[in-house]
Amino acid sequence: MCRSNTPLTRHQARDFGSAIRRPRMMALGLLAAGLLSACAPASVTRHDPATLPTPALDLPPMKIFDAVPAQSVTRSNTSIARDFLDLSFQLENGVQLPTLTRFEGPITLRVTGDRIPVSLNPDLDRLLTRLRTEAGIEISRVPAAQPASITIEALSKAELARRAPNTACIVVPNVSSWEEFTRARRHSLSWTEVTTRTQLSIFLPSDEAPQEIRDCLHEELAQALGPLNDLFRLSDSVFNDDNIHSVLTPFDMLILRATYDPALRSGMGAPQVAAALPGILDRIHPQGRGSDGRALAMDTPVAWQEAVLTALGEGALNTRRTAAQNAVIISQENGWTDSRAGFSWMLLGRLSVSQDRVASHMALTTSYDIYAARPETRFHAAHVAMQLAALALSEGQYERAYTLSANAIPAAQEAQNAALLASLMLTEAEALVKLGRPSEARSLRLDSLGWARYGFGSDEQVRARVAEIAALAR
């Protein structure tokens with residue numbers, strides 16, 4: 001599982017066959033990495049947002065999301081079957097898997113670590129409830145001292161980086177502790193050597209923001225249980241490198257339910273699974289029978305994926321911007337109007353902001369229009385709306401900043417993305433101040449801070465984000 005900030009860890013993953021989640025994508029990074037440095041007043045340090053003047057804020061308690069009712073999947077079973085096969089029989093690096101693998105029988109899970117984050121257990125319990133009710137997976141927790149099918153171990157980011165640099169979290173087969181992982185031979189950690197899943201570990205940071213830890217739980221536990229691949233063409237799934245979805249979607253739960261259907265078992269080859277899938281999906285997803293009128297998404301060219309990974313990387317800005325331009329060109333050549341086209345334009349827009357404001361506006365607006373045209377990419381549109389609102393705020397277009405941010409807030413709430421939600425609320429609040437509505441701004445800003453504590457973590461990070469957005473309106 002990877003959400004890319006750098007392509008390096010993709011190559012590292014090839015070495016030991018592990019599934020990784022990279023640090024949170026740049027969806028909110030426009031403020032600090034590009035727009036803020038381009039627009040901040042001279043009195044503000046331009047390259048380090050932490051040095052911005054920080055408001056004296058009394059931070060309220062952290063807010064958490066309520067459980068959401070299970071939702072249905074609207075896609076056809078034909079397209080879901082294709083996605084299932086592509087997700088389940090290939091690793092992210094392109095290596096083909098000979099057979100389906102899963103746990104057979106009841107699954108147990110334990111949590112270990114010297115410093116378990118306070119948010120981890122409540123978020124995990126909510127996720128396990130969803131897995132049992134929505135995906136029909138028999139999974140239960142056991143005490144930390146008891147052996148388990150899945151071990152979730154919390155450790156510091158520094159310790160995680162020693163073995164897995166540039167990763168937010170990682171899932172590894174055939175080990176039950178970090179100590180075992182550090183001593184294991186790479187060959188023994190390869191997913192290509194797994195025939196039936198019996199024991200694996202998820203390693204995640206204990207000193208990250210609660211949202212980042214929750215995202216790791218959702219992505220890595222889903223991969224521990226089911227698909228090992230990511231597909232850029234999926235707009236409704238966490239099994240996608242675009243890092244838009246924070247929590248498991250209805251599509252993801254359906255894929256996991258199919259994975260653990262009695263008609264499948266570990267060791268089945270792709271032809272066997274393909275033959276069984278129509279019957280499985282017709283039974284567990286009867287509303288998907290027949291065609292939904294949409295053509296199956298085309299395969300994603302390697303050249304586009306490499307361009308995107310370069311654009312997401314840590315190289316020179318001009319190199320990354322050129323890669324984003326190439327991604328746009330490839331998407332146009334393929335005639336895409338889906339989330340991959342929107343993502344290409346979003347990358348170009350945010351990488352252009354410090355060099356060509358007009359080009360940035362055009363690219364982000366194009367991305368927004370692509371995403372906003374389809375209900376299944378409303379969360380994607382909310383990410384782009386945040387960036388467009390930040391641009392508008394910095395340019396004195398306060399009514400536009402208010403409208404963009406206010407309209408995107410429901411989608412961020414629905415997506416359970418507290419970092420995006422808080423940023424949108426803070427942007428709207430700054431616009432309200434400039435529009436002469438200070439009491440509304442004060443109430444909205446206070447409401448945003450509880451979400452910011454979940455989304456950004458430490459009080460220092462929360463105050464830095466508030467200062468960043470406030471600086472845009474100066």
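When reading the values below, keep in mind they use all heavy atoms of this one structure, side chains included, and skip hydrogens, waters and symmetry mates.
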Pair Glu104-Arg102, salt bridge (charged side-chain N to carboxylate O under 4.0 Å, His left out): steps then yes or no: CA-CA 6 Å; Glu104 302 294 339; Arg102 68 178 192 183; 3.0 Å; yes

Distance check, rounded to the nearest 0.5 Å: [X] atom [atom1] versus [Y] atom [atom2]?
X	Y	atom1	atom2	value
Thr198	Ile107	OG1	CD1	11.5 Å
Cys169	Glu208	SG	CD	9.5 Å
Gln413	Asp66	CD	CG	8.5 Å
Ile80	Ile255	CD1	CD1	6.5 Å
Leu59	Arg453	CG	CZ	5.0 Å
Arg126	Asp123	CZ	CG	4.5 Å

Do Glu395 and Arg400 pass the salt bridge (charged side-chain N to carboxylate O under 4.0 Å, His left out) test, and can you show the C-alpha distance, the side-chain angles, and the key distance before you say yes or no? CA-CA 10 Å; Glu395 294 169 352; Arg400 176 169 168 76; over 6 Å; no

Side chains of [X] and [Y]: closer than 4.5 Å at any heavy-atom pair?
X	Y	result
Glu219	Gln223	no
Leu432	Arg445	no
His285	Arg75	no
Val172	Glu180	no
Thr74	Glu376	no
Val308	Gln305	no
Arg465	Leu426	yes
Leu225	Phe103	yes

With sequence neighbours excluded, what pairs up with Asp125 under the side chain to side chain contact (heavy atoms under 4.5 Å, CB included) test?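 Counting only residues at least two positions away or on another chain, Asp125 forms a side chain to side chain contact (heavy atoms under 4.5 Å, CB included) with Arg141.
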
My understanding is that only residues two or more places apart in sequence, or in another chain, count here; which of them pass side chain to side chain contact (heavy atoms under 4.5 Å, CB included) with Ala184?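 Partners of Ala184 by the side chain to side chain contact (heavy atoms under 4.5 Å, CB included) criterion, ordered by chain and then number, come out as Val175, Ser188, Leu189.
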
Determine the minimum heavy-atom distance between [X] and [Y], stating which atoms define it.
X	Y	value
Asp207	Leu155	OD1-O, 4.3 Å
Ala148	Val142	CB-CG2, 3.8 Å
Arg110	Pro143	CB-O, 3.8 Å
Pro147	Thr108	O-OG1, 4.3 Å
Arg115	Ala154	O-CB, 4.0 Å
Ser423	Ala419	OG-O, 3.0 Å

Could you go step by step and tell me if Ser394 and Arg357 meet the side chain to side chain contact (heavy atoms under 4.5 Å, CB included) rule? CA-CA 11 Å; Ser394 72; Arg357 190 64 73 90; 3.6 Å; yes

Determine whether a donor-acceptor pair (N or O, by modelled atom type, separation under 3.5 Å) exists between the side chain of [X] and the backbone of [Y].
X	Y	value
Gln211	Ala418	yes
Ser367	Ala363	no
Ser360	Asp356	no
Thr167	Ala164	yes
Arg233	Arg340	no
Ser443	Glu440	no

Does the pair Glu212 and Lys157 meet the rule for a side chain to side chain contact (heavy atoms under 4.5 Å, CB included), with working shown? CA-CA 12 Å; Glu212 184 70 17; Lys157 288 188 292 184; over 6 Å; no

Under 6.0 Å between ring centres: does that hold for Phe181 and Trp178?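 Yes, ring centres under 6.0 Å apart.
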
For Tyr402, does the six-membered ring have the charged nitrogen or CZ of Arg437 within the cation-pi criterion, i.e. under 6.0 angstrom from the centroid and within 45° of the normal?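 Yes.
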
Quick one: sort the His380 and Tyr371 rings into parallel, tilted or perpendicular, breaks at 30° and 60°.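 It falls in the tilted class, 30° to 60°.
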
Side chain to side chain contact (heavy atoms under 4.5 Å, CB included) between Leu317 and Leu351, intermediate numbers included: CA-CA 7 Å; Leu317 179 59; Leu351 291 171; 3.9 Å; yes

Any chance you could lay out the salt bridge (charged side-chain N to carboxylate O under 4.0 Å, His left out) test for Arg374 and Asp338, step after step, and finish with the verdict? CA-CA 9 Å; Arg374 298 183 179 187; Asp338 59 11; 5.7 Å; no

Full working for side chain to side chain donor-acceptor pair (under 3.5 Å) between Asp252 and Thr249: CA-CA 5 Å; Asp252 299 327; Thr249 68; 3.0 Å; yes

Using side chain to side chain contact (heavy atoms under 4.5 Å, CB included), reason through Asn229 and Phe239 one step at a time and then give a plain yes or no. CA-CA 7 Å; Asn229 194 13; Phe239 297 111; over 6 Å; no

